[in-house]
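Reviewing the structure listed below.
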Amino acid sequence: EVQHMESGGALVQAGGSLRLSCAASGLSFDAYVIGWFRQAPGKEREGVSCFSSSDGSTYYADSVKGRFTISSDNAKSTVHLQMNSLKPEDTAVYYCALHTSPSTVVAGCPGRYEYDYWGQGTQVTVFS
């Protein structure tokens, strides 16, 4: 059974940084996509970034491009989301999700409903 868990959420001042981690266990798929999503109170869950294990491609939402970086530590089956220059509007619960099909994400991430497994989320709060 695939399980993954997010960690790293915290309370941080605007302009600060956080690194979120998504640690996967039971991952037996050769190729997959890990996506990061976030959901603020009263808003729809939105895609933030994703990483493809097939070709190492990455993709970012315009709202985080240039500030967030997604990376993979294959040895630890962990995907990180480095978040710099945080803004109050980045406040949300952040989720990682697993898409169990080989896909490149050069042109974009799989849609929200294409992910097979979801973590429980980690809270990020940015105050000004």
My understanding is that only residues two or more places apart in sequence, or in another chain, count here; which of them pass side chain to side chain contact (heavy atoms under 4.5 Å, CB included) with A10?
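With sequence neighbours excluded, A10 shows a side chain to side chain contact (heavy atoms under 4.5 Å, CB included) to L18, given in chain and number order.
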Under the side chain to side chain contact (heavy atoms under 4.5 Å, CB included) test, which residues partner S21, sequence neighbours left out?
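Side chain to side chain contact (heavy atoms under 4.5 Å, CB included) check on S21 returns S7, R19, T78, H80.
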Heavy atoms, side chains only, cut-off 4.5 Å: are [X] and [Y] in contact?
X: I34; Y: L98; answer: yes
X: C22; Y: W36; answer: yes
X: V105; Y: V33; answer: yes

Atom pair [atom1] ([X]) and [atom2] ([Y]), whose distance is rounded to the nearest 0.5 Å:
X: Y94; Y: F37; atom1: OH; atom2: CZ; answer: 13.0 Å
X: E6; Y: C96; atom1: CD; atom2: SG; answer: 4.0 Å
X: S17; Y: Q82; atom1: OG; atom2: CD; answer: 5.5 Å
X: S57; Y: I70; atom1: OG; atom2: CD1; answer: 10.0 Å

ILVMFWY cluster membership beyond F127 - transitive side-chain contacts under 4.5 angstrom =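 The other cluster members (ILVMFWY side chains, heavy atoms under 4.5 Å, direct or chained) are L11.
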Item to complete: Starting from the C-alpha separation in whole Å, work towards a yes-or-no answer on side chain to side chain contact (heavy atoms under 4.5 Å, CB included) for V124 and T91.
Response: CA-CA 5 Å; V124 172; T91 295; 5.9 Å; no
Sequence-distant partners of [X], salt bridge (Lys or Arg N to Asp or Glu O under 4.0 Å), two or more places apart:
X: E114; result: none
X: E89; result: none
X: R67; result: D90

For the student: nearest non-hydrogen atoms of [X] and [Y], plus distance:
X: A92; Y: Q123; result: O-NE2, 3.5 Å
X: G47; Y: A61; result: O-CB, 3.5 Å
X: L81; Y: S49; result: CD1-CB, 4.1 Å

Verify, without hydrogens or angle tests, whether S54 (side chain) and P102 (backbone) share a donor-acceptor contact under 3.5 angstrom.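 Checked: no pair found.
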I need the full list of salt bridge (charged side-chain N to carboxylate O under 4.0 Å, His left out) pairs touching residues 115-128, with sequence neighbours left out, sorted by first then second residue.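 Every candidate salt bridge (charged side-chain N to carboxylate O under 4.0 Å, His left out) pair involving residues 115-128 fails, so no pair, neighbours aside, qualifies.
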- Message: By the salt bridge (charged side-chain N to carboxylate O under 4.0 Å, His left out) test, which pairs, at least two apart or in different chains, include something from residues 49-62?
- Response: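 Sorted result for residues 49-62: D62-K65.
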| query | Any ion pair linking E46 and R112 (charged N to carboxylate O, less than 4.0 Å)? | reply |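 So R112 does not pair with E46 through a salt bridge.
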- Query: Which pairs, with at least one residue in residues 44-71 and sequence neighbours excluded, count as a ring-ring contact (aromatic ring centres under 6.0 Å, His included)?
  - Reply: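 Found none.
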Residue list, ring pair (Phe, Tyr, Trp, His ring centres under 6.0 Å) with H99, at least two apart or on another chain: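 Partners of H99 under the ring pair (Phe, Tyr, Trp, His ring centres under 6.0 Å) test: Y115.
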Would you call the rings of W118 and Y95 parallel, tilted or perpendicular, taking 30° and 60° as the class edges?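 The arrangement is perpendicular - the two ring planes meet at more than 60°.
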(message) Restricting to side-chain hydrogen bond (donor to acceptor under 3.5 Å, both in side chains), what partner residues turn up for T122, sequence neighbours left out?
(response)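 With neighbours one apart ignored, the set is empty.
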Q. Please walk me through it: do L20 and M83 pass side chain to side chain contact (heavy atoms under 4.5 Å, CB included)?
A. CA-CA 8 Å; L20 304 183; M83 307 188 296; 3.7 Å; yes
